[in-house]
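All remarks here apply to the structure that follows.
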Amino acid sequence: MGRTFSEAELRTTAPIFLVDLELGGVVYRFATESQDIETDSGSVFYDGTLSDVNFASSLQFASPDFELPSAGVTVTFKIDLAKRIAQGLDFGAARGTLALWLPGTDLDDRQVIIDGRIDAPSYGAIGEPVSFNIEADFLRNTKLIPNALQVLDSATWPNVAENSEGEIYPIIIGAPGRQGFAGSPIYVAQDLGSGTDRVGIIAAHQCTAGTISIMEVKADGTTPAVPDRTVAFGVDLNGAAYSYITIPNANFNDDATYFARWDTGGGGLVNPYANQQDADAAADSAYLTGGGDVVRYLLHRSGAVVDDGRMAAASGYLNFIQFEGYIAERVDAMEFLQEEILPLLPCSLRAGPDGLYVVPWRYDATETDARTKLEAGRDMHRDGLVEYVSSEVYNEISLRYRHNVKRNKLTKAVTITGDTSKKPGGFLWRNTYTVNSEMRYGTKALELETEFISSRVSAGRVVNWMSRAYGARQRRIKYEAPHRLAWLEVGDVVAVTDSDLSLTDQLLILESIEWGETALILSFLFVPDSPRDNIPTG
């Protein structure tokens, strides 16, 4: 995680902007004020022609969408840039860094905001201002998973079963089927005929499970018993990894289809972020299932630059929702994350100075969890009117879940509702948020589906956080603040008091920070929480 200025550092000293521009093998340095700045190898000079810095840091509430950091700047060169470009210098191939620096400190102590490629440069004659954007390039590669070699091809598997040829080695998340249903497919990769055991591929990677349960489904619909099988690991002729089991000849039928239940000895993907021990204090590999850890894993598989420090901090909060399922087709890892996983988690995907990470929505935050307390008129001043956000309201939220691969359908559902006429039960309930919302807006229904949640607990947690997020209209409030509050970060929960708006220690989410020449514009999102919020009386 990169350098971030503290509240104490910013209390007495205002930061200035620095730009380092690498162009044609030469580094040009600019600042909003001319500076000689110390480094380990001596001082370097920053020319004070930097102006019109346009930079904002933001997130979208509980959204899988994000924008890469970008800043616009204007500088003035002392060289004849137009002549250099006419001689073959390519401004479009340049890279730049935008940073904040506190006067009197070393250059290494600066806070880097953006480091990336130069976009949309414009220039003129010598002495004329030069403008360009610096854009982070965190998405350098698009990666598909599983990899292209992990396929049941007859060139690799000469005796592959006909109904398995062309299938992809599946990626197993969690322990699908541990509740007793068909959780993932088994593909017969090696069928040497009667008298031999068959090889069934179950995963595109090593697994934590030592054994799995096997479900056989014959063409006539019968399901003969098959003993639990030991999980083994191998590498095929192309060097592609896979996990497999053997199906004894005595239990094999040519007309049958086979499925795995991960209910006996662990799960699929090893969780690279979990360190735990078994009952005998021996190292134990946990399987990848917690929401935050799944997000972190897929971000790395996507080819993006990942801010692991912030992701590690966020993961623990998001692991309370567990994912289970399989990926048996080649998918773009980032698209899969944004479409299948993030919409079910109370967080926003964001690109920061050190890469991609998620910002959890602390819907259970209280006043003691606030990063700080700010008072309008003392710490900051309101900038404009309060605006209602054009957001949807939902107070009857249903989630269909638990994908049974044998039946190829979702078999369970949970619903949270605000309709007091409906009788609550094990799969339908109400809370204060949905009831208040239904009384105010009428019934607003939302139905969701997922093949990657199997447990009722996790499904219930999804609809519960959504009921708090979408039960009322959200509001946005902007304030102008001094640069000394630049230690705040997007996503922080802040307790705001504004007597003009009848707000007392109201918990708001810092949605964006916009930098100006002399001040910051802080945009706060107000997500109403009637049981928690301080309601004024009189």
Side-chain angles (χ1 to χ4, degrees), residues 1-21 27-40 43-58 69-76 96-115 129 131-134 136 352-354 370-384 477-492 494-498 508 510-524:
M1 189 181 298
R3 170 84 157 89
T4 302
F5 293 138
S6 68
E7 180 180 6
E9 288 175 307
L10 291 166
R11 191 175 295 133
T12 57
T13 306
I16 68 171
F17 281 109
L18 304 178
V19 165
D20 290 69
L21 178 66
V27 177
Y28 299 90
R29 296 181 172 91
F30 306 93
T32 47
E33 302 173 17
S34 294
Q35 300 285 340
D36 279 306
I37 302 178
E38 293 298 323
T39 71
D40 290 340
S43 65
V44 294
F45 178 72
Y46 279 78
D47 192 1
T49 63
L50 174 61
S51 64
D52 300 330
V53 177
N54 181 12
F55 170 72
S57 175
S58 63
S70 175
V73 301
T74 299
V75 301
T76 302
T97 299
L98 176 68
L100 288 169
W101 173 75
L102 294 177
T105 64
D106 289 345
L107 186 62
D108 289 342
D109 291 329
R110 71 192 186 283
Q111 177 179 325
V112 175
I113 296 174
I114 301 176
D115 179 18
S131 297
F132 54 88
N133 296 329
I134 305 173
D354 299 311
R371 182 82 184 274
T372 191
K373 293 186 177 185
L374 298 177
E375 183 176 340
R378 184 189 66 185
D379 302 304
M380 56 188 183
H381 299 275
R382 185 158 50 88
D383 182 44
I477 313 171
K478 292 185 177 182
Y479 293 91
E480 183 178 287
H483 283 158
R484 64 178 176 81
L485 292 180
W487 58 273
L488 289 170
E489 297 183 82
V490 167
D492 282 346
V494 178
V496 173
T497 295
D498 189 332
L508 306 178
L510 183 52
E511 187 181 33
S512 72
I513 302 173
E514 181 180 347
W515 281 84
E517 292 290 335
T518 60
L520 306 171
I521 299 297
L522 306 180
S523 179
F524 291 97

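- Using a 4.5 Å heavy-atom cutoff, the side chains of Val73 and Phe55 are not in contact.
- Here the NZ atom belonging to Lys478 is positioned 14.0 Å from the CE atom belonging to Met380, to the nearest 0.5 angstrom.
- Atom CD1 of Ile16 is separated from atom NE2 of His483 by 11.5 Å, given to the nearest 0.5 angstrom.
- Sorted by first and then second residue, the pairs that involve residues 102-113 and meet side-chain hydrogen bond (donor to acceptor under 3.5 Å, both in side chains), not counting sequence neighbours, are Trp101-Thr105.
- Within a 6.0 Å radius of CG in Asp40, no more than 12 heavy atoms belonging to other residues, nucleotides or ligands are found.
- Counting heavy atoms from C-beta on, the side chains of Glu489 and Arg371 come closer than 4.5 Å.
- Closest of all the heavy-atom pairs between Ala495 and Ala370 is N-CB, 3.8 Å.
- The closest side-chain heavy-atom distance from Thr372 to Trp487 is below 4.5 Å.
- Distance check, rounded to the nearest 0.5 Å: OG1 of Thr518 to CD of Glu480 gives 6.5 Å.
- Using a 4.5 Å cut-off on side-chain heavy atoms (C-beta onward), Leu374 and Phe524 make contact.
- At a threshold of 4.5 Å between non-hydrogen side-chain atoms, the residues Trp515 and Ser57 do not count as touching.
- Here the side chains of Pro353 and Ile113 are not in contact, with every heavy-atom distance at 4.5 Å or above.
- Residues Pro103 and Thr13 approach most closely at CD-CG2, 3.6 Å, considering heavy atoms.
- The distance from the CD1 atom of Ile37 to the CZ atom of Phe45 is 10.0 Å, given to the nearest 0.5 Å.
- Side chain of Ser512 to backbone of Ser58: no donor-acceptor contact under 3.5 angstrom is found.
- Counting heavy atoms from C-beta on, the side chains of Asp47 and Tyr28 never come closer than 4.5 Å.
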- Please test Leu102 against Leu10 for side-chain contact (heavy atoms from CB on, under 4.5 Å), starting from the C-alpha separation and ending with a verdict. CA-CA 8 Å; Leu102 294 177; Leu10 291 166; 4.0 Å; yes
- In sequence, state the C-alpha distance, the side-chain angles, and the governing distance for Thr497 and Arg378, and then conclude on side-chain contact (heavy atoms from CB on, under 4.5 Å). CA-CA 10 Å; Thr497 295; Arg378 184 189 66 185; over 6 Å; no
- Given the rule in the side-chain contact (heavy atoms from CB on, under 4.5 Å) test, do Tyr479 and Asp383 qualify, once you have shown the distances and angles that lead to the verdict? CA-CA 5 Å; Tyr479 293 91; Asp383 182 44; 5.7 Å; no
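- The CG atom of Leu510 lies 8.0 Å from the OG atom of Ser523; values are rounded to the nearest 0.5 Å.
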- Task: Decide side-chain contact (heavy atoms from CB on, under 4.5 Å) for Leu21 and Val75; before the verdict, give the C-alpha distance in whole Å, the side-chain angles of both, and the deciding distance to 0.1 Å.
- Result: CA-CA 10 Å; Leu21 178 66; Val75 301; 5.6 Å; no
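- The shortest heavy-atom contact between Gly72 and Asn133 is CA-OD1, 3.3 Å.
- Here the CG atom belonging to Leu100 is positioned 9.0 Å from the OG1 atom belonging to Thr32, to the nearest 0.5 angstrom.
- At a threshold of 4.5 Å between non-hydrogen side-chain atoms, the residues Phe30 and Leu18 do not count as touching.
- When the options Ile114, Asp115, Ile134 are evaluated for a side-chain contact (heavy atoms from CB on, under 4.5 Å) with Pro69, the one that passes is Ile114.
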